[in-house]
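So the structure is just underneath, and the comments pick up after that.
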Amino acid sequence: MASGEVFDTKTKSLSLPRVNLLTMFRLGLFQMGLSMMSILTLGVLNRVMIQEIAIPATLVSVVLALPLFVAPSRVWFGQISDAKPLWGYHRTAYVWVGAAIFAIAAFLAVQVMWQLNNAVSSPGGWAWTTQTIGWTALLSLVFAVYGLGICASSTAFAALLVDISEEDNRSKVVGVVWSMLMVGIIVGAIISSKLLEPLTLGASIATLQAAINRLFLIVPAIVFGLAIAATLGVEKKYSQYLSRSTMVNREDSITLGKAWEILTASPQTGIFFTFLLVMTLCLFMQDPILEPYAGQVFKMPLAESTKLNVFYGTGILIAYVVSGFLIVPRLGKQRTARLGCILVAFCTALLGISGFTANPAFLKLSLILFGLGTGVLTTAAVSLMLDLTAAEAAGTFIGAWGLAQSVSRGVAVVLGGTLLDVGRKLLPNLVLAYGLVFALEAVGMIVSIWFLNRVNIAEFQTNTKLAIASVLETDLD
């Protein structure tokens, strides 16, 4: 490529507008939709399958974790969105197609779940039969497809954020966009609670089925609409994609193999990848057991336990805004992440202690504080993640970071449910069984600080630039 072409593309970037606050909020609609879907799967289905249908918690955790275990596809989806535009867009079309897939799959998953319930509804309760194995396998397949849709959509979306932001305004973009994720948790919890409100603690399966079918028809349709509204026109107006790349035809230049060379050029990639693994594992281990915890220890009905996400989401929402605009600019991303790890460790301990009181008010307060700690940590960690991303292979890097988060979150979901089953067998009461999960979360969060302390952004950027230059030299030969 001639040097003049590189200069032209860089000069062109100077004329591109910087993303404004209104657009940041609009982009946040996508995150809002994702969190609403999360409320439906982990906030409703886990409770129904574990408590109402009485499927073993370990099996439920494995099935619900499958969308996270297909995360290796994120690297491929990221590289494809880097290299192959779909309908003329590198990011937007992938967001839309992925959203359509996961919205449809969510509704289908519920229908399969009812068929599994019919197979389970025998006098002896759960048993491994031909029917239960078949319906469990089909449910697992549908959840895997749901996960592929999430991977395609969210990876392209995160890469879009890299394309439209700069290092000096990245924490603000993260703060605003991720704050909308928490708005989605609150809105999703309220919608779910309202639609499920007529249900009593002992509601029949037929009544439960009608209410949940309606819920999984309405919310996925809303979420798909939010994905379109969030990204329509943003890539064309704000994306720095071509101007940041030193190659005009990147589609023909950065293959998956070359992108992998850039990805693995710095040891810092592995260090930060490990930090994300440990941090995410300890942040989400309570996901599959929180609503059952509220139902079994605090005696809350389904609608009320679903509404717990409002308290958690409120804490995170406050923390996202405060962290993105105040804490991160003052303390820096790495020190803020360290502070977040300490806060989360303290608050998970509070969640475990709340069980000994059996007081719902204590649980709700603990969830608000846990949300505050999670918001501080997530804002700093995501800002670090975007800094540790080379623009020339943004989709591949985002895919790798998404892989770390998704796999560890999947392990966290399985581990949370498994530890609960182990605790039920080995410990004298339910409070201690649930407390085992919260205690291990707190310990693991402290461990993650050790990896965080070894992260060096300057070293990463230097090594990655050299790797990119090497790839370019190979192309020019």
Side-chain angles (χ1 to χ4, degrees), residues 23-48 64 66-68 70-71 73-74 77 86 89 91-113 142-161 176-196 211-235 287 306-307 309-310 312-313 316-317 320 402 405-406 409:
T23 303
M24 293 181 199
F25 276 111
R26 185 156 71 88
L27 284 164
L29 293 175
F30 175 78
Q31 292 290 66
M32 178 178 170
L34 281 187
S35 59
M36 290 172 68
M37 293 303 300
S38 178
I39 290 295
L40 290 192
T41 52
L42 284 175
V44 176
L45 294 188
N46 68 327
R47 161 81 185 251
V48 172
L64 292 179
L66 284 173
L68 302 167
V70 298
S73 65
R74 286 177 178 270
F77 282 128
L86 180 62
Y89 292 96
R91 315 296 186 196
T92 307
Y94 289 96
V95 173
W96 292 358
V97 171
I101 291 172
F102 71 66
I104 294 170
F107 179 77
L108 293 178
V110 174
Q111 309 315 308
V112 177
M113 183 186 74
V142 175
F143 267 106
V145 173
Y146 170 85
L148 289 173
I150 293 284
C151 288
S153 192
S154 60
T155 300
F157 177 79
L160 177 63
L161 295 186
V176 172
V177 172
W178 261 255
S179 69
M180 293 296 287
L181 186 149
M182 291 308 108
V183 171
I185 286 182
I186 296 170
V187 171
I190 291 173
I191 292 175
S192 300
S193 178
K194 289 295 182 184
L195 290 175
L196 299 175
I212 292 180
N213 281 348
R214 183 170 66 253
L215 181 66
F216 273 80
L217 187 61
I218 294 172
V219 175
I222 293 173
V223 170
F224 178 66
L226 289 175
I228 295 177
T231 52
L232 185 64
V234 171
E235 181 175 357
D287 260 14
T306 302
K307 203 181 294 184
N309 288 287
V310 173
Y312 173 60
I316 296 184
L317 179 58
Y320 274 164
Q405 291 175 302
S406 295
R409 189 166 182 177

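Atom set for the values below is all heavy atoms of this structure, side chains included, hydrogens, waters and symmetry mates excluded.
Of all the heavy atoms in A106 and P220, the pair that sits closest is CB-CG, 4.4 Å. Considering every non-hydrogen atom in both L27 and F157, the closest pair reads O-CZ, 3.3 Å. When all heavy atoms of V70 and L148 are compared, the pair lying nearest together is CG2-N, 3.7 Å. Summarising the geometry of M36 relative to V219, their closest heavy-atom pair is CE-CG1, 4.0 Å, with the distance given to 0.1 Å.
When the side chain to side chain contact (heavy atoms under 4.5 Å, CB included) test is applied to A152, the partners found at least two apart in sequence or on another chain are F77. The side chain to side chain contact (heavy atoms under 4.5 Å, CB included) search around I101 returns V97, V145, not counting sequence neighbours. Among residues two or more places apart in sequence or in another chain, the side chain to side chain contact (heavy atoms under 4.5 Å, CB included) test is passed with L217 by F107. Considering only residues two or more places apart in sequence or on other chains, S154 meets the side chain to side chain donor-acceptor pair (under 3.5 Å) condition with R74. Partners of S35 according to the side chain to side chain donor-acceptor pair (under 3.5 Å) rule, which considers only residues two or more places apart in sequence or in another chain, do not exist here. Under the ring-ring contact (aromatic ring centres under 6.0 Å, His included) criterion, Y312 pairs with F370, not counting sequence neighbours. Shown here are the side chain to side chain contact (heavy atoms under 4.5 Å, CB included) partners of V112, two or more places apart in sequence or in another chain: W135, L138, L139, V142. Contacts of Y94 classified as ring-ring contact (aromatic ring centres under 6.0 Å, His included), with partners at least two apart in sequence or in another chain: none.
With hydrogens and angles disregarded, no donor-acceptor distance shorter than 3.5 Å links the side chain of S153 to the backbone of G149.
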For V95 and L160, run side-chain contact (heavy atoms from CB on, under 4.5 Å): C-alpha distance rounded to whole Å, both residues' side-chain angles, the deciding distance at 0.1 Å, then the answer.
CA-CA 10 Å; V95 173; L160 177 63; 5.7 Å; no

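Between the CG atom of L64 and the OH atom of Y146 there is a distance of 10.0 Å, given to the nearest 0.5 Å. Between atom CG of residue N213 and atom CE of residue M113 there is a gap of 8.0 Å, rounded to the nearest 0.5 Å.
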Extract all donor-acceptor atom pairs below 3.5 Å that involve side chains of residues 181-189 and protein atoms in other chains or at least two apart in sequence.
none

Would you mind writing out the side-chain donor-acceptor pairs for residues 224-231 within the sub-3.5 Å range, not counting sequence neighbours?
{"from": "T231", "atom 1": "OG1", "to": "W96", "atom 2": "NE1", "distance (Å)": "2.8"}
{"from": "T231", "atom 1": "OG1", "to": "A227", "atom 2": "O", "distance (Å)": "2.9"}

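Sorted pairs that involve residues 215-225 and meet side-chain hydrogen bond (donor to acceptor under 3.5 Å, both in side chains), not counting sequence neighbours, are lacking altogether.
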